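Working notes, structure below.
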Number of protein chains: 2
Amino acid sequence: MQGKPLRIASVNVNGIRAAYRRGMEQWLEQRDVDILCLQEVRAPDDVVRSLLGQDRHIHHAEAEARGRAGVLIASRQEPTTLRTGVGDSYFDTAGRWVEADFDHHGTSLTVVSAYVHSGEVGTPKQDDKYRFLDALGARLAQLRERGGYAVVTGDLNVGHTTRDIRNWKSNVKKAGFLPEERAYFDRYLSDESGFVDVARSLAGDVDGPYTWWSWRGKAFDNDTGWRIDYQLATTDLAARAVSADVDRATGWDTRFSDHAPLVVDYQI
Amino acid sequence: MQGKPLRIASVNVNGIRAAYRRGMEQWLEQRDVDILCLQEVRAPDDVVRSLLGQDRHIHHAEAEARGRAGVLIASRQEPTTLRTGVGDSYFDTAGRWVEADFDHHGTSLTVVSAYVHSGEVGTPKQDDKYRFLDALGARLAQLRERGGYAVVTGDLNVGHTTRDIRNWKSNVKKAGFLPEERAYFDRYLSDESGFVDVARSLAGDVDGPYTWWSWRGKAFDNDTGWRIDYQLATTDLAARAVSADVDRATGWDTRFSDHAPLVVDYQI
DNA sequence: CATGGTAAG
DNA sequence: CTTATCATG
């Protein structure tokens with residue numbers, strides 16, 4: 001008989017205070033998440049802890065610039081090891097990468113909450129984005145070499161294929177769907193890399209499911225979205241994923257962020 | 001038989017866009033104001049004109065810093081002369097002082113819309129406030145010398161006497177009720193100055209009526225206010241003031257700013 | 001406690 | 001179109 005699967009949820013909350021005002025707490029109560037990975041927390045540590053409460057272990061990396069970025073991992077189980085930073089010290093105070101190791105019934109599981117900035121073509125931000133994506137790729141290789149289960153969750157701010165963006169044709173020259181950015185994901189998800197895009201793997205060759213919609217106009221109502229939030233799991237862990245749900249309006253009627261949660265159950 | 005009195009209204013709108021959102025337009029439609037003096041307009045000129053409409057002559061001085069300060073005079077009658085600035089060139093781009101001259105049935109009337117900054121004890125802002133109050137005093141003397149009716153309206157950000165601030169004892173060391181600031185008003189309103197505080201003159205020796213209440217707590221409901229908005233009229237004009245009303249909640253149920261309008265009718 | 005601007009998304 | 005910060009009030 002198999003145990004209850006491990007539920008890992010990732011969501012860019014776009015300001016945890018605003019998300020709580022919009023009903024995030026109810027979502028969290030109902031969804032029974034084991035390991036919660038948040039991006040764009042955008043709040044000081046004391047505020048974050050008072051909102052999330054006492055019953056989770058919280059590993060939170062704030063950005064140096066107040067009110068910007070910020071990632072965290074909140075888990076009922078206590079992690080064995082915590083790390084901050086993607087490996088390139090340039091991003092050490094950016095609030096964009098945290099890792100937690102867990103001992104799950106004797107097997108090692110590393111969980112990452114990652115936030116790649118959106119970038120902007122023709123500005124230094126885009127150079128910084130490529131530098132971060134370089135570091136991300138290098139860290140994936142290290143995690144694979146290290147062995148054990150690993151999953152990189154978060155807002156990676158790139159749509160991989162034409163299935164991942166509703167109006168992909170009008171976005172081929174925009175940050176988030178540039179050929180150069182998409183090529184990073186080809187490499188991240190190659191056989192040699194050893195990582196699998198869990199939501200795509202389970203959904204198959206379909207449009208979406210999208211995880212982000214602009215606040216502007218009727219983008220959300222029309223499902224004019226982007227799939228830019230991921231769970232990239234090592235091959236062995238991905239093989240044990242039994243479901244990957246994007247909690248958008250249908251079934252979860254509160255939209256507490258411009259991103260929807262990506263909730264994956266792993267039978268390990 | 002006497003004609004209809006001239007109605008001059010002054011109000012710090014604390015952002016004309018927000019004031020319009022909160023119902024300022026309805027107040028303006030109902031109050032039948034001849035000369036409207038606004039402070040803290042805090043919007044670009046084109047936005048101001050689109051809100052106030054086409055049926056008034058608008059003399060608007062923006063601050064150099066966008067979204068800060070800004071004063072204007074809007075009148076149905078066309079002014080004969082417009083001036084900007086209190087006389088000290090240090091404040092020329094501060095958006096704090098505009099003047100308009102009118103020919104009223106053959107007599108000359110100068111109207112000023114003035115905005116004194118709030119100041120802060122122990123900072124350069126307080127020195128700037130005294131510098132502005134110096135210039136204001138000098139300009140009053142010039143207006144008196146010049147002859148004709150004159151009235152300086154606006155948010156002068158100082159309470160003159162203990163009647164003018166609800167909790168004056170707790171504010172004797174705070175900007176807005178410092179002895180040094182109040183002494184300026186003693187001079188402005190001395191016999192030699194030739195100017196009269198119209199609202200005080202008509203209300204008599206009573207507490208208030210206040211014109212500003214903090215947004216915090218229940219200051220407005222409890223009428224914990226300050227009387228810091230004035231119409232300072234030359235003696236001859238003040239003698240012709242027939243009413244001075246502060247349009248706070250009672251009777252005017254929309255609070256469209258943290259300041260209430262001061263509406264004076266002059267029988268000239 | 002509210003304003004508008006700003007950078008970022 | 002929304003987030004949070006900022007300076008200002």
Side-chain angles (χ1 to χ4, degrees), chain A residues 12-22 24 39-44 47-48 62-70 94-96 115-120 123-126 128-129 155-158 174-176 212-221 224 226 228-229 255-259, chain B residues 12-22 24 39-44 47-48 62-70 94-96 115-120 123-126 128-129 155-158 174-176 212-221 224 226 228-229 255-259:
Chain A
N12 177 321
V13 292
N14 191 21
I16 194 170
R17 282 170 289 205
Y20 264 70
R21 280 198 300 272
R22 293 167 175 273
M24 176 179 167
Q39 301 87 40
E40 275 205 279
V41 171
R42 302 183 66 177
V47 170
V48 169
E62 285 185 61
E64 200 165 32
R66 299 204 314 179
R68 301 278 170 78
R96 297 188 179 274
Y115 173 47
V116 178
H117 42 290
S118 61
E120 190 178 3
T123 73
K125 290 189 216 174
Q126 194 61 25
D128 282 0
K129 184 173 185 178
D155 176 4
L156 306 185
N157 253 317
V158 174
K174 295 241 185 107
W212 175 82
W213 305 262
S214 171
W215 288 115
R216 298 171 218 197
K218 304 194 214 316
F220 187 75
D221 295 338
T224 307
W226 297 45
I228 54 181
D229 299 88
R255 187 191 185 194
F256 57 81
S257 168
D258 50 348
H259 294 252
Chain B
N12 177 321
V13 293
N14 191 22
I16 194 171
R17 282 170 288 206
Y20 264 69
R21 280 198 300 271
R22 293 166 175 274
M24 177 178 164
Q39 301 88 41
E40 276 206 277
V41 171
R42 303 183 65 176
V47 171
V48 169
E62 286 186 60
E64 200 164 35
R66 300 203 313 179
R68 301 279 170 78
R96 297 188 180 274
Y115 173 46
V116 178
H117 40 289
S118 61
E120 190 178 3
T123 74
K125 290 189 216 173
Q126 194 60 26
D128 282 1
K129 185 173 185 178
D155 176 4
L156 305 185
N157 254 316
V158 174
K174 294 241 186 106
W212 174 82
W213 305 262
S214 169
W215 289 114
R216 297 171 219 196
K218 303 193 215 314
F220 187 75
D221 295 338
T224 307
W226 297 46
I228 55 181
D229 299 88
R255 186 190 185 195
F256 58 81
S257 168
D258 50 348
H259 294 252

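Values reported hereafter were calculated over all heavy atoms of this structure, with side chains retained and with hydrogens, waters and symmetry mates removed. A quick note: this is a predicted structure, and the numbers were derived from the prediction, not measured.
Among the heavy atoms of the strands lying under 4.0 Å from Asn14(B) are primed sugar atoms or P, OP1, OP2 only; no base atom is included. Using a 4.0 Å heavy-atom criterion, one finds that Glu120(B) contacts no nucleic acid atom at all.
Residues Val48(B) and Ala43(B) share a closest heavy-atom pair of CG2-O, 3.8 Å. Taking both residues in full, the closest heavy atoms of Lys129(B) and Asn157(B) are given as NZ-O, 2.8 Å, listed atom of the first, atom of the second, then distance. The two residues Arg42(B) and Arg17(B) come nearest to each other via the heavy atoms O-NH2, 3.0 Å.
Rounded to whole Å, atom P of dT2(D) lies 13 Å from atom CZ of Phe220(A). For the pair Lys129(B) NZ and dT8(D) C1', the interatomic distance rounds to 13 Å; values are reported in whole Å. Atom P of nucleotide dG9(D) and atom CG of Leu156(B) are separated by 14 Å, given to the nearest angstrom. Distance CG (Asn12(A)) to P (dT2(D)): 16 Å, rounded to an integer number of Å. The nearest whole Å value for the distance from the CD1 atom in Ile16(A) to the P atom in dT5(D) is 13 Å. Regarding His259(A), its NE2 atom lies at a distance of 11 Å from the C1' atom of dT3(D), rounded to whole Å. Distance CD (Glu40(B)) to P (dT8(D)): 12 Å, rounded to an integer number of Å. Look at CZ on Arg216(A): it is 14 Å from P on dT3(D), rounded to the nearest Å.
Taking OH of Tyr115(A) as the start and CG of Asn12(A) as the end, the distance is 6.0 Å to the nearest 0.5 Å.
Nearest nucleotide to the side chain of Arg17(A), out of dG4(C), dA4(D), dG9(C): dA4(D). Taking every side-chain heavy atom of Arg21(B) into account, dT3(C) is the closest of dA4(D), dG9(C), dT3(C). Across dA8(C), dG4(C), dT5(D), the shortest atom-to-atom separation from the side chain of Pro44(A) is found for dT5(D). Here dT3(D) is the nucleotide among dT3(C), dT3(D), dG9(D) with the atom lying nearest to any side-chain atom of Arg42(A). Side-chain proximity of Trp215(A) to the nucleotides dC1(D), dT3(C), dT3(D) is greatest for dC1(D).
Nearer to the 5' terminus of DNA chain D, by closest-nucleotide assignment, is the contact made by Ser214(A) (compared with the other of Gly67(A) and Ser214(A)). Where Arg22(B) and Ala43(B) each meet DNA chain C at their nearest nucleotide, the meeting point lying more 5' is that of Arg22(B).
Inspection of the Trp212(A) and Asp258(A) side chains reveals an N or O donor paired with an N or O acceptor under 3.5 Å.
In terms of phosphate contacts, Arg255(B) brings no side-chain nitrogen or oxygen within less than 4.0 Å of OP1 or OP2 of dA2(C).
Donor-acceptor pairing under 3.5 Å, judged by distance alone, is absent between the side chain of Arg66(A) and the base of dT5(D). One cannot find a donor-acceptor pair under 3.5 Å joining the base of dT8(D) and the side-chain atoms of Arg68(B).
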